[in-house]
Structures are given as structure tokens and as C-alpha cells.
Amino acid sequence: MFNRKSRQNKRAIGEPQVDKDRLPMHVAIIMDGNGRWAKQHNLPKVMGHRAGAESLRDLVRYCAETGIPILTAYAFSTENWKRPQDEVSNLMGLLVEYLYKEVEELNENDVRISSIGQVDALPSEAYEALMAAEEKTKDNKRLTLNLALNYGGRLEILEAVRKLAHDAAAGRLDPVSIDEALFSSALYTAGIPDPDLLIRPAGDFRVSNFLLWQIAYTELWTTPVLWPDFRRAHLEEAIIEYQRRERRFGGRHN
Ligand code: FPP
């Protein structure tokens with residue numbers, strides 16, 4: 001059972017603490033560095049991905065325990081199909097294993113599993129495991145774990161454009177009525193608020209085709225820590241830094 005009470009704070013006295021009243025509502029993560037981690041440990045690459053799944057597990061618990069309502073994790077991009085065949089099937093195998101192993105505990109802890117991306121193009125076993133997990137957890141409210149699977153930001157935007165263009169061509173939509181809210185509602189993330197905080201571990205400073213429309217005003221936080229070494233203490237560091245920043249959304253500083 002996840003801890004329902006606020007956790008014993010592990011940060012030393014005198015160190016900055018997370019302000020539980022100003023938590024980000026939506027945290028997005030690019031889970032990068034699994035390959036480098038495996039290499040550093042002289043392990044096959046799949047072990048890096050496996051260790052990365054453990055990091056995700058820890059952060060899901062942290063978000064649920066702390067009260068962060070949405071966590072979006074970039075688990076497989078549209079570009080990841082270009083990886084060697086055995087790595088792709090290892091990743092799909094891990095996804096299926098994760099979904100079957102975690103779903104009971106996530107469900108007991110009121111965590112909803114959802115997904116963004118062209119998920120119907122995943123191998124059938126992965127697609128079925130995902131649909132079963134989504135169905136089982138669909139009424140849960142405490143945390144939404146949103147998995148980006150076969151996800152690409154440009155493809156998401158293109159699909160939205162096609163859908164709206166199709167509706168306009170069919171006379172169901174006046175092009176003049178297409179505003180930001182309508183466009184957002186045509187994306188995979190319809191109904192989900194934009195991320196407040198985007199975390200990129202493993203030292204790179206790229207957004208890698210992740211949530212391109214949605215991160216217009218998102219605070220970015222990077223760290224050299226490789227994803228499999230990333231734990232709740234790193235997320236706390238990111239949140240503390242996020243809480244120090246002043247978000248102006250393009251407006252003037254008062
Ligand atoms: C990038 O690391 C990571 C991925 C392509 C996959 C992320 C997937 C997981 C963490 C698996 C667990 C997820 C679920 C939902 C079970 P990389 O291999 O590009 O790392 P590198 O840049 O060091 O090579």
C-alpha cells in the first residue's frame with residue numbers, strides 16, 4: 001500500500017523542502033540514459049531499461065504519496081522503432097511485464113493508467129495489456145500515470161490538423177473557430193492540463209519530439225543523473241527549483 005500520509009521528509013534539516021501547497025499539477029519525464037547506465041555497469045542494454053522501469057515505479061509512488069495528480073512518462077517514441085529489433089521487443093516485453101505486474105497495486109492505490117500516442121500500432125500483446133490496465137483503472141482519481149507509447153509530438157500535431165481539416169472539409173467545423181482550446185482538444189492530451197514541469201535526465205538539453213504543443217510554457221529541468229539512477233530525491237530537487245522560479249507565461253514581471 002502506498003503511504004497516504006505525507007512521508008517522513010528525507011531532506012536534511014536546513015535544506016530547502018518541497019512546498020506541498022504549490023506542487024506542479026502535471027510532471028512530464030523523458031526517461032533517458034538507460035543505455036549509458038547499462039554500459040557503465042557492464043550489463044546488457046535491456047538491464048538499463050529494466051532499471052529504468054524501477055525508477056518509474058519509485059516516482060509513481062512519490063507522486064501518489066505527495067499529491068501530484070498527473071505524471072506523463074515518455075516510454076517509447078515513434079523514432080524508437082529504428083532501434084535494433086531485439087531492443088524493441090525487449091522494451092515491449094518490459095512494458096507488458098510492467099503493466100501486468102503493477103496494475104493490481106496501482107489500482108489498489110487509486111492510480112489510473114492512461115496513454116498517449118498511436119497505441120493501436122503497438123504489438124498486439126502490448127496493446128492488449130495496456131487496454132486491460134486502462135480499463136481496470138479508469139475510475140481511479142489519485143494519480144494519472146500517462147504513458148507516452150509510440151508517441152511523437154509532430155505526429156500528434158499532424159493528426160490533430162488532419163482531423164480538424166477533415167471536419168472543416170465536411171462542413172462540420174468553421175475554420176475561423178479553430179482556436180488554441182479547440183486545437184488542444186484534438187490532441188492525444190485532450191482534457192489534460194499542460195505539464196508544469198518537464199524533466200530530462202542524462203545530461204542532454206533536447207525535447208526530443210515530446211509534447212511539443214503542450215510545453216509552450218512548461219518549466220524545464222535537466223540533470224546529468226541517468227534515468228535508472230533517478231529517484232524521488234531528484235524529483236524533489238526538481239520541484240524545489242520549480243517552486244523557486246517565477247512563471248510569467250509571457251506576461252510582464254510586476
Ligand atoms: C531511452 O534510453 C529510453 C527509452 C527509449 C525507453 C524508456 C523505457 C523505459 C524506462 C522502460 C520502462 C517503461 C515502462 C513503461 C515499463 P536510451 O536507451 O536512449 O539511453 P542512452 O541514451 O543512454 O542510450
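Numbering of residues begins at 1 and proceeds along the displayed sequence.
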Undergrad: Assigning hydrophobic clusters by single linkage (Ile, Leu, Val, Met, Phe, Trp, Tyr; side-chain heavy-atom cutoff under 4.5 Å), is I113 placed with I192?
TA: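 Unlinked, I113 and I192 end up in two clusters.
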Undergrad: Is a donor from one side chain sitting under 3.5 angstrom from an acceptor on the other, for S114 and E134?
TA: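 No, E134 and S114 have no side-chain donor paired with an acceptor closer than 3.5 Å.
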Undergrad: For a side chain to side chain donor-acceptor pair (under 3.5 Å) check, start with the C-alpha distance between H234 and T223, then their side-chain angles and the critical distance, and finish with the verdict.
TA: CA-CA 9 Å; H234 303 105; T223 172; over 6 Å; no
Undergrad: Please step through side-chain contact (heavy atoms from CB on, under 4.5 Å) for the pair H41 and R36, ending with a clear verdict.
TA: CA-CA 9 Å; H41 291 77; R36 277 163 281 174; over 6 Å; no
Undergrad: What are the two closest heavy atoms between L130 and S115, and how far apart are they?
TA: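 Looks like CD2-OG, 3.7 Å.
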Undergrad: Just by modelled atom types, is the L164 backbone N or O under 3.5 Å from a matching donor or acceptor in the D167 side chain?
TA: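 No: the side chain of D167 does not pair with the backbone of L164.
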Undergrad: Just wondering, do Y98 and V103 contact through their side chains at under 4.5 Å, heavy atoms?
TA: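 Of all side-chain heavy-atom pairs linking Y98 with V103, none is under 4.5 Å.
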Undergrad: So, do F76 and L95 sit near enough that their side-chain heavy atoms are less than 4.5 Å apart?
TA: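 A side-chain contact is absent here, since even the closest heavy-atom pair is not under 4.5 Å.
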Undergrad: Distance from R61 atom CZ to L56 atom CG, nearest 0.5 Å?
TA: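 It comes to 12.0 Å.
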Undergrad: Working to the nearest 0.5 angstrom, can you tell me the gap between L143 CG and E65 CD?
TA: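 One finds 10.5 Å between CG of L143 and CD of E65.
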Undergrad: Just one of D139, T137, N140 clears the side chain to side chain donor-acceptor pair (under 3.5 Å) bar with N107, so which one?
TA: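 Exactly one pass, corresponding to N140.
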Undergrad: Step by step, would you call Y62 with I68 a side-chain contact (heavy atoms from CB on, under 4.5 Å)?
TA: CA-CA 8 Å; Y62 177 82; I68 294 169; 4.2 Å; yes
Undergrad: Out of curiosity, does L187 fall in the hydrophobic cluster containing V161 (side-chain heavy atoms, cut-off under 4.5 Å, transitive links)?
TA: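 Linked within one cluster.
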Undergrad: Would you name the heavy atoms of W81 and P123 that are closest together and state the gap between them?
TA: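 Here W81 and P123 meet closest at CH2-CD, 4.0 Å.
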Undergrad: Between R232 and D58, is there a salt bridge with N-O shorter than 4.0 Å?
TA: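 Looking at D58 and R232, the cut-off is met.
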Undergrad: Are V207 and W213 linked, directly or through other ILVMFWY residues, by side chains that come within less than 4.5 angstrom of each other?
TA: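 In one cluster: yes.
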Undergrad: Are the side chain of D174 and the backbone of V176 linked by a donor-acceptor contact shorter than 3.5 Å?
TA: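 Flag set: sc D174 to bb V176 pair under 3.5 Å.
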Undergrad: With a 4.5 Å limit on heavy-atom distance, are the side chains of V119 and N150 in contact?
TA: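 When only atoms from C-beta onward are counted, N150 and V119 do not touch, as no gap falls below 4.5 Å.
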Undergrad: Using a 4.5 Å cut-off on heavy atoms from C-beta on, say whether the side chain of P195 contacts that of M25.
TA: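 Contact flag for M25/P195 side chains = no.
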Undergrad: Between S77 (side chain) and E79 (backbone), is there a donor-acceptor pair under 3.5 Å?
TA: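 Side chain of S77 to backbone of E79, a donor-acceptor pair under 3.5 Å: yes, one is there.
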Undergrad: Could you please spell out the steps behind the salt bridge (Lys or Arg N to Asp or Glu O under 4.0 Å) verdict for R245 and E241?
TA: CA-CA 7 Å; R245 296 184 194 170; E241 167 66 22; 3.0 Å; yes
Undergrad: Distance from N34 atom CG to W227 atom CH2, nearest 0.5 Å?
TA: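 CH2 of W227 is found 9.0 Å from CG of N34.
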Undergrad: In this structure, are over 12 heavy atoms from other groups packed under 6.0 Å from R231 atom CZ?
TA: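 It does: R231 CZ has more than 12 such atoms within range.
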Undergrad: What is the minimum heavy-atom distance between G48 and P228, and which atoms define it?
TA: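 Taking every non-hydrogen atom into account, O-CG, 3.6 Å.
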Undergrad: Shortest non-hydrogen contact from G33 to L226?
TA: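 Answer, listing the atom of G33 first, then L226: O-CB, 3.9 Å.
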Undergrad: Looking at G153, is its backbone amide N or carbonyl O close enough to the side chain of Y188 to form a donor-acceptor pair, meaning the two atoms are under 3.5 Å apart?
TA: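 Flag not set: sc Y188 to bb G153 has no pair under 3.5 Å.
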Undergrad: Are the side chain of S177 and the backbone N or O of L173 linked by a donor-acceptor pair below 3.5 Å?
TA: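 Here the side-chain-to-backbone pair does not exist.
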Undergrad: Please answer: with hydrophobic residues joined when any side-chain heavy atoms are less than 4.5 Å apart, are L94 and V96 in the same cluster?
TA: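 Unlinked, L94 and V96 end up in two clusters.
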Undergrad: May I have the step-by-step check of side-chain contact (heavy atoms from CB on, under 4.5 Å) for Q243 and E219, ending in yes or no?
TA: CA-CA 10 Å; Q243 291 179 335; E219 294 294 327; over 6 Å; no
Undergrad: Run the salt bridge (Lys or Arg N to Asp or Glu O under 4.0 Å) check on D19 and R22 step by step: do they pass?
TA: CA-CA 6 Å; D19 176 351; R22 292 190 304 120; 3.1 Å; yes
Undergrad: Would you call T222 and L220 a side-chain contact if the rule is heavy atoms closer than 4.5 Å?
TA: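 The answer is no, as the side chains (C-beta and beyond) never meet within the 4.5 Å cut-off.
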Undergrad: What's the separation between atom CG in L149 and atom CE in M92, rounded to the nearest 0.5 Å?
TA: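 Taking CG in L149 and CE in M92, the distance rounds to 7.0 Å.
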Undergrad: Testing the basics here: between P44 and A38, what is the closest heavy-atom pair and its distance to 0.1 Å?
TA: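 Answer, listing the atom of P44 first, then A38: O-CB, 3.6 Å.
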Undergrad: Looking at E125, I want to see if its CD is surrounded by more than 12 non-hydrogen atoms of other residues, nucleotides or ligands under 6.0 Å.
TA: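 For E125, atom CD is not crowded (no more than 12 foreign heavy atoms under 6.0 Å).
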Undergrad: Of all the heavy-atom pairs spanning D229 and W37, show the shortest one and how long it is.
TA: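 Heavy-atom minimum between the residues: OD1-NE1, 2.9 Å.
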Undergrad: Is there a path from L147 to L212 through hydrophobic residues (I, L, V, M, F, W, Y) whose side chains come within less than 4.5 Å of each other?
TA: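 No.
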Undergrad: Regarding Q214 and H26, do their side chains bring together a donor and an acceptor under 3.5 Å, going by distance alone?
TA: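 No.
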Undergrad: Do you see a donor-acceptor pair shorter than 3.5 Å between the side chains of E159 and Q118?
TA: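 Indeed, the side chains of E159 and Q118 share at least one donor-acceptor pair under 3.5 Å.
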Undergrad: Mind checking whether H166 and R172 have side chains closer than 4.5 Å, heavy atoms only?
TA: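 Of all side-chain heavy-atom pairs linking R172 with H166, at least one is under 4.5 Å.
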Undergrad: Quick test of your reading of the model: are R57 and E105 salt-bridged, counting only N-O distances below 4.0 Å?
TA: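 Between E105 and R57 there is a salt bridge, with a charged N closer than 4.0 Å to a carboxylate O.
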Undergrad: Check the pair E135 / K138 against salt bridge (Lys or Arg N to Asp or Glu O under 4.0 Å), numbers first and verdict last.
TA: CA-CA 5 Å; E135 175 60 27; K138 68 178 190 306; 3.0 Å; yes
Undergrad: Nearest 0.5 angstrom please: E237 CD to E15 CD, how far?
TA: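 Output value for this atom pair is 9.0 Å.
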Undergrad: So, taking the atom named CZ in R50 and the one named CG in L43, what distance separates them when rounded to the nearest 0.5 Å?
TA: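 R50 atom CZ to L43 atom CG measures 12.0 Å (nearest 0.5 Å).
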Undergrad: Any heavy-atom pair between the side chains of T72 and L145 that's under 4.5 Å?
TA: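 Not in contact.
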Undergrad: Any side-chain heavy-atom pair from D32 and R200 closer than 4.5 angstrom?
TA: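 Yes, their side chains come closer than 4.5 Å.
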Undergrad: Using the side-chain contact (heavy atoms from CB on, under 4.5 Å) definition, which of the options L211, T78, N209 pairs with Y151?
TA: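 Testing Y151 for a side-chain contact (heavy atoms from CB on, under 4.5 Å) against L211, T78, N209 leaves exactly one candidate, L211.
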Undergrad: Run the side-chain contact (heavy atoms from CB on, under 4.5 Å) test on L197 and I239 for me, step by step, so that the C-alpha distance in whole Å, both residues' side-chain angles and the decisive distance to 0.1 Å come before the verdict.
TA: CA-CA 8 Å; L197 176 62; I239 295 171; 4.1 Å; yes
